[in-house]
Amino acid sequence: MRSFSFLRSNIVRFSLLLLGSACLSAPGFGTIRYELSMAHPEQHLFHITMTIPDVHSEVTVQMPAWNALYQIRDFSSHVREVDAFAGADKLPIEKLDKQTWRTKGNGTITIRYATYWDEPGPFATQVNSEHAFINPAMILLYVTDRKAEDVHISLPDVPGEWQAAGASINFIESMGGARSFGGDAASYDALVDAPIEAGKFEEFELSGAKPEIWVVIHGDTWKKKTVESELTRICQYELKLMEGAPFERYVFILHIGKGAGGGGMEHANSTAISVPSDEYLSGVAAHEFFHLWNVKRIRPATLYPVDYTREQYTRALWFAEGVTSTYGSLTLVRSGIWNKQQFYADLGEQISELEARPANHWQSAEQSSLDAWLEKYPLYNGADESVSYYTKGQILGDLLDILIRDRTNNEKSLDDVLRQMNVDFAKEGKAYRDSLDIRLTAEKVAGGSFEDFFQKYIAGTEALPYQEVLSLAGMELRTVENKRAALGFFAQRDASGALVVKSVENGSAAANADLRIGDTIVNWNGGEAPRRLERWIYEQKPGNLLRLRVKREEKEIQLEFRLSGSKEILYQVTEDAHASEKARHIRDGILHGTTQPVAAN
């Protein structure tokens, strides 16, 4: 970490990058300020002081209803003791609805409140005796009509042996022996798109990365050599693919080891990732790092600007998330982290997962995107009720890549579509019109219409043309019957993020172990429950032991049982030994990220 020495005896050590500013100027007049106290982290409480200048007559503040997940989670439910002051004088403050407060006054107004958080993972916020992980939108109020103004945040009483880090807005000050972490952002939106990790952690810079890429790790069960090597490969490849970095400094916030679940959350200049060990890191990191472009800068118009008060519906998550998964797998094989057999196996798994869901016959990729806000409801997540825009989108990305390569004699690819959208939209500061501009860009790159493909397979629900398209890339699809593991129960996260059992199959091993509807799963095989249970069970075998600790009627109970099995049809992607020269050329281009044209016979 860089240090800057000044003529004065004070040393300022930067731990978090300023967001929205290339210089370290002092906050200007009119800056809205947040002071975030966590003097007693074991109480799981943040005490927050919000200072609002230039108030005329009255001011209205709100707490976001959603962030990180496409779920209304009502973060105001964590808030308590909201007071308002003008100097030392207490002001009356009125709560208008579940997330909105109003007070009257002039000049500078101070709002003080506390908020309780003890939920692990990249989609939540937690403070305890070990560390704090903060998604700022979950704890910080905003002035309803002043979100675009400069903001400043400070952490004045971080416990003595802790550090603080992230990609956004923090620096450490040492003034007269006092330690304070703080920084500036250009707006509330910029501030809250910048998670903070505080605690005892390891940090290091990826060697040779330009611009800077830092890694911050809280946890155990990881090897620096493995983490550094894989993250370096991923970042180098994706930066080369997209022709340069859209950031000045980037930070991976990693929670690795016991108690860590699975998943990651993208941010403008950082990501927060939680995995049980470093062997799971590369797949999540490749996906999240690519979000630097797809979603954070190549943005669907339906998701921007952010409205924190209600759902924001979009039909483009199949592209924003699903095609990001396409590039997660392409990055792993092209960077050498995976071999080609692992790439084929992953594609086969995605097809198997999609085809195992009867809802695939009636829910399109666009509708799955639109219905993302229903994912918190147990019924919706059943195989008969929905498909994943991640899974279907990843497959659509692979098929579209092959079609573009085939039409252009392997001179162009989906890579060119992403790069073109980066130029046309991201670098111009414009958002794209959901599937329409994706299709128009693909047509611009390939020089022909994709209207039929988009109408049938993205807006529509016609059976995906696996065999027909894969054969163009020298691949074929085979089916095998397999016995797969089955949970025997269904669980869903509630509004607070807790994983609650919603149904238990009669006669299943879970039922015989006395798992009950309403049990809250607090521990899964010694750690946090996986974010995507379907993906986890897909990787298990019948007979594997599952240990659960559940909370029932204020008591915690330990349960264990072996996973049962059920028959399924699995799809396997293999190389076609009789593929044409053009198809082999396209296949090689996909695996290596090249677009060399096929020589004429």
Parallel, tilted or perpendicular for [X] and [Y], by the 30°/60° rule?
{"X": "Y457", "Y": "F453", "answer": "perpendicular"}
{"X": "F289", "Y": "W293", "answer": "perpendicular"}
{"X": "H255", "Y": "F133", "answer": "perpendicular"}

A quick test of your reading: do over 12 heavy atoms of other residues, nucleotides or ligands sit less than 6.0 Å from [atom1] of [X]?
{"X": "Y377", "atom1": "OH", "result": "no"}
{"X": "E58", "atom1": "CD", "result": "yes"}
{"X": "Y280", "atom1": "OH", "result": "no"}

Within-4.5 Å side-chain heavy-atom neighbours: [X] and [Y]:
{"X": "I253", "Y": "P195", "result": "yes"}
{"X": "Q99", "Y": "T309", "result": "yes"}
{"X": "Y327", "Y": "M242", "result": "no"}
{"X": "E197", "Y": "V251", "result": "no"}
{"X": "I517", "Y": "F489", "result": "no"}
{"X": "L546", "Y": "W536", "result": "yes"}

Provide the closest heavy-atom pair for [X] versus [Y] in the form atom of the first, atom of the second, distance.
{"X": "P358", "Y": "W362", "value": "O-CD1, 4.0 Å"}
{"X": "S435", "Y": "R315", "value": "OG-O, 4.1 Å"}
{"X": "A491", "Y": "L533", "value": "O-CD1, 4.0 Å"}
{"X": "T314", "Y": "P300", "value": "OG1-CB, 4.2 Å"}
{"X": "P122", "Y": "I273", "value": "CB-N, 4.4 Å"}
{"X": "G382", "Y": "R357", "value": "O-NH2, 2.8 Å"}

Just by distance, with hydrogens left out, do [X] and [Y] show a side-chain donor and acceptor under 3.5 Å apart?
{"X": "D189", "Y": "Y142", "result": "no"}
{"X": "T144", "Y": "Q62", "result": "no"}
{"X": "Q394", "Y": "D346", "result": "yes"}
{"X": "N381", "Y": "E385", "result": "no"}
{"X": "Y389", "Y": "E375", "result": "yes"}
{"X": "W117", "Y": "T115", "result": "yes"}
{"X": "H291", "Y": "E321", "result": "yes"}
{"X": "H287", "Y": "E266", "result": "no"}
{"X": "H47", "Y": "E81", "result": "no"}

(request) Test side-chain contact (heavy atoms from CB on, under 4.5 Å) on D193 and K296 and set out the steps. (result) CA-CA 10 Å; D193 194 19; K296 300 312 297 184; 3.1 Å; yes

(message) Using the salt bridge (Lys or Arg N to Asp or Glu O under 4.0 Å) criterion, which residues pair with D424? Sequence neighbours excluded.
(response)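 Result, salt bridge (Lys or Arg N to Asp or Glu O under 4.0 Å) vs D424: K444.
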
So, does [X] use its side chain to make a donor-acceptor pair with the main chain of [Y] at under 3.5 Å?
{"X": "W318", "Y": "V323", "result": "no"}
{"X": "S368", "Y": "V387", "result": "yes"}
{"X": "R419", "Y": "L241", "result": "yes"}
{"X": "R484", "Y": "I569", "result": "no"}
{"X": "D434", "Y": "D437", "result": "no"}

(request) Mind running side-chain contact (heavy atoms from CB on, under 4.5 Å) on E149 and I52 for me, showing each step along the way? (result) CA-CA 11 Å; E149 296 183 20; I52 310 166; over 6 Å; no

(request) Verify whether the ring centers belonging to Y308 and Y188 lie closer than 6.0 Å. (result)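 Ring-ring flag for Y308/Y188: true, centres closer than 6.0 Å.
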
(message) Within this structure, what is the CD-NZ distance for the pair E355 and K392, rounded to the nearest 0.5 Å?
(response)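 Between E355 CD and K392 NZ, I get 8.5 Å after rounding to 0.5 Å.
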
(message) Using salt bridge (Lys or Arg N to Asp or Glu O under 4.0 Å), reason through R516 and D519 one step at a time and then give a plain yes or no.
(response) CA-CA 6 Å; R516 301 180 189 178; D519 285 350; 5.9 Å; no

(message) Let's go through T461 and Q363 carefully: what are the C-alpha distance in whole Å and the side-chain angles of both, what is the deciding distance for side-chain contact (heavy atoms from CB on, under 4.5 Å) to 0.1 Å, and is it a yes or a no?
(response) CA-CA 6 Å; T461 57; Q363 188 182 49; 5.6 Å; no

(request) Go through R439 and E443 one step at a time and tell me if the salt bridge (Lys or Arg N to Asp or Glu O under 4.0 Å) criterion holds. (result) CA-CA 6 Å; R439 175 173 66 81; E443 292 174 348; 2.9 Å; yes

(message) I32 and side chain to side chain contact (heavy atoms under 4.5 Å, CB included): which single residue from H152, K147, R146 fits?
(response)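 Only match with I32 under side chain to side chain contact (heavy atoms under 4.5 Å, CB included): R146.
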
(message) If you apply the rule side-chain contact (heavy atoms from CB on, under 4.5 Å), what do you find for I298 with Y432, and how did you get there?
(response) CA-CA 7 Å; I298 303 173; Y432 66 84; 3.7 Å; yes

